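In what follows, a single structure is set out as structure tokens and then discussed.
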Amino acid sequence: MSGQAWLVFCAACALVFALPSPLVFSVASYASVRGRKTAFASVSGGALGIVTAMTISAIPVAGLAYLPHSFVEIIQWAGIGWLILFLLWTFATPAAQAANADNDNLPGISWSGIFRDCYAVAALRPRYFALFLALLPQFVSTSGNAVETLAVAQAAILLLALVILAVQALFAGSTLALVRRMSGNKKIRPKYRTHFISGRAVSAGYRRIAA
């Protein structure tokens, strides 16, 4: 890739990593509740989880170098459409599902537990896998060495994820406030809200009949 293409790629990745997400919320919550000393475990776990998702998605992307250019263009346009949907979905989906920073109900107690939790949030959810599956084809050329390009992209993503997640952990209070503010106007439907309302209505009906 050219220098301009690398700049666009890094800027796009930095923007996505900085957006409110379950991973950002977890990293900031651990730093807020357990202290900044846990930042190394949460940040390294989240960054390695992102790189894992990128590595898995890079396997099919590397094969694009051997496909006809016209077919690669179709995949690239489909990826652009998915990226637009991804941004809309990110802003429409609440990132803060629970106020973990206000209590001590976070799942990880030890540093290894925090590492595993943040790694799982980044690697085992389809968020980053689908993102890289749509983003990487935009920067892979059929005339260049796709494997070498993806290896350099992997190193750049690791560095960006470490820096951005570390900043979010150091400024955990501001990060949590931003996540909650952006999630405040979104509709969060509690799991048992419908059953609770129905149960109250039935109980009120029985009490009225008994009276």
Side-chain angles (χ1 to χ4, degrees), residues 6-55 57 83-132 134-135 152-188:
W6 276 114
L7 182 61
V8 173
F9 175 77
C10 292
C13 291
L15 174 63
V16 171
F17 298 160
L19 288 175
S21 67
L23 176 60
V24 171
F25 189 68
S26 296
V27 170
S29 296
Y30 278 119
S32 178
V33 173
R34 306 290 168 81
R36 294 178 179 177
K37 61 183 179 180
T38 62
F40 177 79
S42 60
V43 170
S44 58
L48 288 178
I50 291 175
V51 173
T52 300
M54 181 266 176
T55 303
S57 63
L83 290 175
I84 295 175
L85 293 177
F86 176 82
L87 290 176
L88 295 176
W89 171 72
T90 298
F91 284 103
T93 304
Q97 296 290 347
N100 285 344
D102 296 333
N103 53 58
D104 198 28
N105 294 327
L106 292 169
I109 298 177
S110 63
W111 280 31
S112 61
I114 294 174
F115 178 90
R116 289 194 302 269
D117 180 55
C118 292
Y119 178 86
V121 170
L124 302 183
R125 295 188 180 189
R127 176 187 182 91
Y128 293 109
F129 172 76
L131 166 70
F132 291 122
L135 181 63
V152 178
Q154 188 179 43
I157 287 171
L158 176 60
L159 180 61
L160 284 171
L162 286 172
V163 172
I164 293 176
L165 291 178
V167 171
Q168 292 166 337
L170 291 176
F171 300 95
S174 300
T175 301
L176 290 173
L178 176 62
V179 171
R180 291 197 178 103
R181 184 165 60 250
M182 295 187 67
S183 301
N185 296 327
K186 302 169 186 175
K187 295 180 180 180
I188 303 177

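Given the structure is predicted, the values throughout are model-derived calculations rather than measurements.
One finds the OG atom of Ser21 at 7.0 Å from the CD atom of Gln168 (value rounded to the nearest 0.5 Å). Taking SG from Cys10 and CG from Leu15, the interatomic distance works out to 13.0 Å, rounded to the nearest 0.5 Å. Interatomic distance, Ile50 CD1 to Phe17 CZ, rounded to the nearest 0.5 Å: 4.5 Å.
In this structure, Phe129 and Met54 have side chains that are not in contact, with every pair of non-hydrogen atoms separated by 4.5 Å or more. Val24 has its side chain out of reach of Leu19: every pair of non-hydrogen atoms, C-beta onward, lies at least 4.5 Å apart. Taking the side chain as every heavy atom from C-beta outward, Leu135 and Cys13 approach each other to under 4.5 Å.
Ala53 approaches Tyr128 most closely through the heavy-atom pair CB-CB, 3.9 Å. When all heavy atoms of Pro22 and Arg127 are compared, the closest pair comes out as CD-NH1, 4.4 Å.
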Atom pairs and distances, side-chain donor-acceptor, residues 152-164, under 3.5 Å, sequence neighbours left out:
| unit_1 | atom_1 | unit_2 | atom_2 | d |
| --- | --- | --- | --- | --- |
| Gln154 | NE2 | Thr55 | OG1 | 2.4 |

Table please: side-chain donor-acceptor pairs of residues 37-47 below 3.5 Å, with sequence neighbours left out.
| unit_1 | atom_1 | unit_2 | atom_2 | d |
| --- | --- | --- | --- | --- |
| Thr38 | OG1 | Tyr30 | O | 3.4 |
| Thr38 | OG1 | Gly35 | O | 2.8 |
| Ser42 | OG | Thr38 | O | 3.3 |
| Ser42 | OG | Ala39 | O | 3.2 |
| Ser44 | OG | Phe40 | O | 2.5 |
| Ser44 | OG | Ala41 | O | 3.2 |

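Between the Ser32 side chain and the Ala172 main chain, no donor and acceptor come within less than 3.5 Å of each other.
Under the side-chain contact (heavy atoms from CB on, under 4.5 Å) rule, Tyr119 has a single partner from Ile114, Leu23, Thr52, which is Thr52.
Scored by the side chain to side chain contact (heavy atoms under 4.5 Å, CB included) test, Ala130 finds Trp82 as partners (sequence neighbours excluded).
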